[in-house]
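Everything on this sheet refers to the single structure shown next.
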Amino acid sequence: MAEKYGPWAVIAGGSEGVGASFAHQLAEAGINLVLIARKPEPLAETAAAVRARGVEVLTVQVDLLDPEALSAIREVTDGLEVGLLIFNAGANSYGHEFVTGDLSRVRGVIDLNITAQLALTHHFGALMASRGRGGIMLVGSLAGYLGQAEISVYSAVKAFSRVFAEGLWLEMRERGVDVLELVLGVTRTPAMERAGLAFDLPGLNVAEPDDVAREGLAHLADGPVWVAGGNLAAAEKRSEFPRAELALAAHEATRKLLPAR
């Protein structure tokens, strides 16, 4: 793996959950890491734990919504040969009925999941294309397969990410760069636990961060899209027509999963 995707990997959203799992598993493969996250404490803790595996680890503590975020990242990475970019920073930061919601918060969801993702992919992707090797993984969501109430914008940006990955895969495959959209379902991450998700619902398929990270890395060359955690049937179901009954069913399932307001 290090020959194709090393010697350095950049993980945006690399301080906890799936991002931290990626960091540990890449360190086991001998790849040095640049971890990007907003919160300094978990970022420092993960960096120290991964560094103990014998690789170099650099950190960038930055909010990707900051217009100067890419400049801050480049201050650390411009002297490094980055062979892998994992964009894992696209959590849903705002859920609300659209027309009564705060439009500035909605823009934040768009800017994190689209604007920041495009900026990092454009920068590191161009460098990989010039070298003729590398990998780009965009961590997506099953939410992007069907619109849902109160997370309509989040669902939409995740749909964007998947379609973008498909087009980018076509462009980069001739350059020797692998592109993968890794689609996650419900995953037991600290962010989801803080949101109060009901992981114990009967029949709910809950994935673990280490498992989906391992699956994603194993299938990095199998783009453009890989649905992780045993959720392929759900993704296929959500792609069917007509859409109204599917949307209503997904809405009811989401209401059970999320804490009552």
Side-chain angles (χ1 to χ4, degrees), residues 11-20 36-43 60-70 72-73 86-121 138-165 181-199 201 204 206-207 209 212 231 235 238 243 246-261:
I11 305 176
S15 64
E16 61 179 23
V18 178
I36 303 168
R38 180 171 56 89
K39 298 178 181 179
E41 293 83 4
L43 178 61
V60 184
Q61 191 261 308
V62 67
D63 187 342
L64 290 174
L65 294 179
D66 187 331
E68 299 302 316
L70 180 58
I73 293 165
I86 298 178
F87 193 91
N88 179 58
N92 184 28
S93 56
Y94 183 61
H96 202 283
E97 181 188 51
F98 177 70
V99 297
T100 59
D102 182 340
L103 197 55
S104 66
R105 298 286 303 277
V106 169
R107 290 194 186 102
V109 176
I110 295 171
D111 287 343
L112 177 61
N113 285 274
I114 295 180
T115 308
Q117 177 178 268
L118 292 182
L120 268 64
T121 301
L138 309 178
V139 178
S141 171
L142 201 59
Y145 281 82
L146 190 65
Q148 296 176 64
E150 299 197 358
I151 59 167
S152 58
V153 174
Y154 178 69
S155 296
V157 296
K158 288 306 182 183
F160 170 91
S161 181
R162 187 180 73 255
V163 176
F164 169 62
E181 170 88 356
L182 180 66
V183 178
L184 306 186
V186 177
T187 307
R188 199 188 311 274
T189 65
M192 294 300 98
E193 290 175 341
R194 288 192 294 268
L197 263 67
F199 290 114
L201 281 176
L204 183 65
V206 180
V212 295
N231 288 296
R238 289 177 175 221
R243 306 291 286 171
L246 292 172
L248 288 168
H251 176 58
E252 289 303 314
T254 301
R255 287 179 61 186
K256 293 177 183 178
L257 181 61
L258 295 171
R261 294 195 177 193

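Just so it is clear, the values below take in all heavy atoms, side chains as well, and ignore hydrogens, waters and symmetry mates.
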Show, in sequence, the C-alpha distance, side-chain angles and deciding distance for Leu204 and Val186, and conclude whether the side-chain contact (heavy atoms from CB on, under 4.5 Å) test is met. CA-CA 8 Å; Leu204 183 65; Val186 177; 4.2 Å; yes

Hey, are the side chains of [X] and [Y] touching, using non-hydrogen atoms and a 4.5 Å cut-off?
X	Y	value
Leu64	Asp66	no
Thr187	Pro209	yes
Val109	Val157	yes

Non-neighbouring partners of [X] that pass side chain to side chain contact (heavy atoms under 4.5 Å, CB included), sequence neighbours left out:
X	answer
Glu41	none
Ala198	Asp200, Leu201
Thr121	Leu85, Gln117, Ile136, Leu138, Phe164, Leu168
Asn88	Val18, Ile86, Val139

So how far is it from [X] [atom1] to [Y] [atom2], rounded to the nearest 0.5 Å?
X	Y	atom1	atom2	answer
Leu120	Ile36	CG	CD1	5.5 Å
Ser155	Tyr145	OG	OH	12.5 Å
Ser141	Glu181	OG	CD	9.0 Å
Gln148	His251	CD	NE2	9.5 Å

Tell me whether Arg107 forms a cation-pi arrangement with Tyr94, defined as NZ or CZ under 6.0 Å from the six-membered ring centre and within 45 degrees of its axis.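 Judged by the rule, Arg107 and Tyr94 form no cation-pi pair.
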
Heavy-atom closest pair, residues [X] and [Y]:
X	Y	value
Gly147	Ala247	O-CB, 4.2 Å
Gly13	Ala89	N-CB, 4.1 Å
Leu43	Val60	CD2-O, 3.8 Å
Ala143	Tyr154	CB-CE2, 3.9 Å

Tell me whether Arg238 contacts the main-chain N or O of Ala250 through its side chain, where contact means a donor paired with an acceptor under 3.5 Å.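 No; zero donor-acceptor contacts below 3.5 Å.
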
Would you say the side-chain atoms of Lys158 pair up with the backbone N or O of Gly90, donor to acceptor, closer than 3.5 Å?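 Yes, because the side chain of Lys158 sits within donor-acceptor range (under 3.5 Å) of the backbone of Gly90.
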
Sequence-distant partners of Glu252, salt bridge (Lys or Arg N to Asp or Glu O under 4.0 Å), two or more places apart: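 Glu252 satisfies salt bridge (Lys or Arg N to Asp or Glu O under 4.0 Å) with Arg255 once adjacent residues are dropped.
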
Can you name the salt bridge (Lys or Arg N to Asp or Glu O under 4.0 Å) partners of Arg38, sequence neighbours left out?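 Once residues adjacent in sequence are excluded, Arg38 has no partner under the salt bridge (Lys or Arg N to Asp or Glu O under 4.0 Å) criterion.
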
Which residues pass the side chain to side chain donor-acceptor pair (under 3.5 Å) test with [X], not counting sequence neighbours?
X	answer
Ser93	none
Asp111	Thr115
Arg105	none

Between Glu16 and Thr189, is any side-chain donor less than 3.5 angstrom from a side-chain acceptor?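 No - no donor-acceptor pair under 3.5 Å links their side chains.
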
